[in-house]
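What follows is a short report on a single structure.
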Amino acid sequence: MSERRDHAKDHWQAVALSADIGKRPKRILFDGAPVALFRSAQGIAALFDRCPHRLVELSTGKVVGGELECPYHGWRYDGEGRCTAIPGHVGAMPHYRVRRYAAIERDGVVFVSSGAPGAEPYLHCMQGKDIIVRRVRSSTQSTVIDVAENILDATHTHFTHKGLLRGLTSKRHRVQVEVTGGDGWVEATYTGEDRQQGLISRLLEGERVKTIGRFRYPGIAELEYWGKDGLVLATTFHLRQADERTVEGVGWLIGRRQGPLGELKALAFKPLFTIALHQDRCVLKSASDNARFAPPALPVIGPLDFLRRDIAAIMEGKMPPAAGEPRVYQIEL
């Protein structure tokens, strides 16, 4: 098993928007475990969501003076998970603790790790540039590999997103697809499609030079739309398997700042993209529900599923096949 896989716990995972963590704690599922997020005296904190006294959900309690108070007997815990108060108790405090997770806020997003990550979390593919940003969160009944492939799959947009990401006609273009990869990443670069006819593309893009779909370990799916003057539009989604059947995602919708007209266009970006997310959620849920019927089956990997095997290898801690042998395809898109 690779070193990257052995140290998966040391990666940051985006779990919520900062705006979601207000005066009350918020419960999430992280690697299948319940976690309570709250604002401690030192900043954002993440504790295992179970009071060791009677195993009640701490997230149903309240935040008092930057500490999390259990709703059952009022035991309080600081951001490090230390029990600081037991109402009615006289004498020295017993050394009770709740498991603490590393937590950090960056660019309006909360990141959590079960290990000890040393580096800053990766945000998105346009960080550091003069951009307009909209942040979104979503929850989908599926698996990380299926959701990531869905985000990066150009061929389903003719049917699932017709009129929104694709035009209403059946016209297609001859497109070249180059697949490359390396340690922990794989990407497909599409060239030959000058302009999309979908509503989002017509509103927010100009002439298109290339499109890049990229997957990064441990579950980051990115789309980049390049014009003649550089990167114009992008989306970056951080995905995680919250439980056996649920994938949760936090994402950035990003556009280059283009003056007052760009600001007006940006107002439409999030509502339109929310429609596309809903369309994808519906089709992914349908696939997940239908897969439960006997006999059990694995999905077929078709000739246009360029990244499926590479994403699977990366998630298993292996080098993607494209790292050793880049591939080039000619398709109609």
Side-chain angles (χ1 to χ4, degrees), residues 11-49 57-63 66 68 79 100-114 117 119-129 131-142 144 147-148 150-151 216 218-223 233-243 246-255 257 263 266-281 284:
H11 278 77
W12 288 111
Q13 291 268 334
V15 297
L17 300 182
S18 294
D20 294 335
I21 319 299
K23 294 182 179 180
R24 302 192 63 84
K26 178 179 177 61
R27 179 184 173 100
I28 64 163
L29 290 177
F30 182 68
D31 288 342
V35 174
L37 302 175
F38 70 102
R39 297 195 178 280
S40 74
Q42 290 73 41
I44 197 73
L47 301 182
F48 188 71
D49 194 11
E57 298 173 22
L58 290 170
S59 60
T60 59
K62 60 183 178 180
V63 180
L68 191 52
R100 169 189 172 271
Y101 294 81
I104 194 172
E105 283 184 280
R106 290 293 182 270
D107 195 34
V109 172
V110 177
F111 293 83
V112 169
S113 175
S114 58
E120 284 284 303
Y122 175 80
L123 302 180
H124 55 74
C125 56
M126 292 181 76
Q127 60 194 72
K129 295 181 171 60
I131 53 176
I132 300 173
V133 174
R134 298 290 183 267
R135 299 168 191 85
V136 295
R137 63 183 181 282
S138 64
S139 179
T140 305
Q141 183 180 308
S142 189
V144 167
V147 176
N150 169 268
I151 292 172
R216 297 178 184 266
I220 303 173
E222 301 184 299
L223 288 172
L233 198 67
T235 65
T236 296
F237 267 86
H238 291 239
L239 309 170
R240 61 187 176 85
Q241 197 77 44
D243 60 31
T246 308
V247 174
E248 301 212 340
V250 174
W252 284 262
L253 313 177
I254 315 151
R257 195 173 296 279
E263 295 286 349
L267 293 175
F269 193 2
K270 187 172 180 178
L272 290 173
F273 205 86
T274 299
I275 296 172
L277 284 176
H278 174 71
Q279 293 169 335
D280 279 332
R281 275 197 299 270
L284 287 166

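This structure is a prediction, so every number in the text was calculated from the model and none was measured.
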Once rounded to the nearest 0.5 Å, what's the spacing between atom CG of Leu233 and atom CD1 of Ile254? 8.5 Å
Under the salt bridge (charged side-chain N to carboxylate O under 4.0 Å, His left out) rule, collect the residues that match up with Glu222, sequence neighbours excluded. Arg214, Arg216
In this structure, OG of Ser138 is separated from NE2 of His278 (nearest 0.5 Å) by 13.0 Å
Please list, chain by chain and in numerical order, all residues satisfying side-chain contact (heavy atoms from CB on, under 4.5 Å) with Thr274, sequence neighbours excluded. Lys270
Run the side-chain contact (heavy atoms from CB on, under 4.5 Å) check on Met126 and Thr236 step by step: do they pass? CA-CA 9 Å; Met126 292 181 76; Thr236 296; over 6 Å; no
Only counting residues at least two apart or in another chain, list the ones meeting salt bridge (charged side-chain N to carboxylate O under 4.0 Å, His left out) with Asp20. Arg137
Would you please name every residue forming a side-chain contact (heavy atoms from CB on, under 4.5 Å) with Gln127, sequence neighbours left out? Tyr122, Leu123, His124
Any Thr235 side-chain heavy atom under 4.5 Å of Phe273 side chain: yes
Donor-acceptor contacts under 3.5 Å from residues 24-37 side chains, at least two apart:
{"from": "Arg24", "atom 1": "NH2", "to": "Gly61", "atom 2": "O", "distance (Å)": "3.0"}
{"from": "Arg27", "atom 1": "NH1", "to": "Asp49", "atom 2": "OD2", "distance (Å)": "2.8"}

For Arg100, all residues meeting side-chain contact (heavy atoms from CB on, under 4.5 Å), sequence neighbours excluded: Leu47, Glu80
Do you know the tightest heavy-atom contact between Trp252 and Val109? CZ2-CG2, 3.4 Å
So, taking the atom named CD1 in Ile151 and the one named CG in Leu284, what distance separates them when rounded to the nearest 0.5 Å? 9.0 Å
From Ser59 atom OG to Phe48 atom CZ, the distance as rounded to the nearest 0.5 Å: 11.0 Å
Which pair of non-hydrogen atoms, one from Ile21 and one from Ala16, has the smallest distance, and what is that distance? CD1-CB, 4.4 Å
Is there a side-chain contact (heavy atoms from CB on, under 4.5 Å) between Thr140 and Asp280? Walk through the geometry before answering. CA-CA 9 Å; Thr140 305; Asp280 279 332; over 6 Å; no
Partner set under ring pair (Phe, Tyr, Trp, His ring centres under 6.0 Å) for Phe111, not counting sequence neighbours: His238
Under the side chain to side chain donor-acceptor pair (under 3.5 Å) rule, collect the residues that match up with Gln42, sequence neighbours excluded. none
Taking side chain to side chain donor-acceptor pair (under 3.5 Å) as the test, write out the residues that go with Ser139, two or more places apart. none
Which pair of non-hydrogen atoms, one from Ala14 and one from Val250, has the smallest distance, and what is that distance? CB-CB, 4.0 Å
What's the shortest heavy-atom distance between Arg134 and Ile132, and which atoms? NH1-CG2, 3.5 Å
Using side-chain contact (heavy atoms from CB on, under 4.5 Å) as the criterion, list what pairs up with Gln241, not counting sequence neighbours. Thr143, Val144, Val247
Taking all heavy atoms of Pro117 and all of Trp12, pick out the closest pair and write down the distance. CG-CE2, 3.3 Å
For Arg39, salt bridge (charged side-chain N to carboxylate O under 4.0 Å, His left out) partners two or more places apart: Glu105
Exercise: identify the closest heavy-atom pair between Ser114 and Tyr101: CA-CD2, 3.9 Å
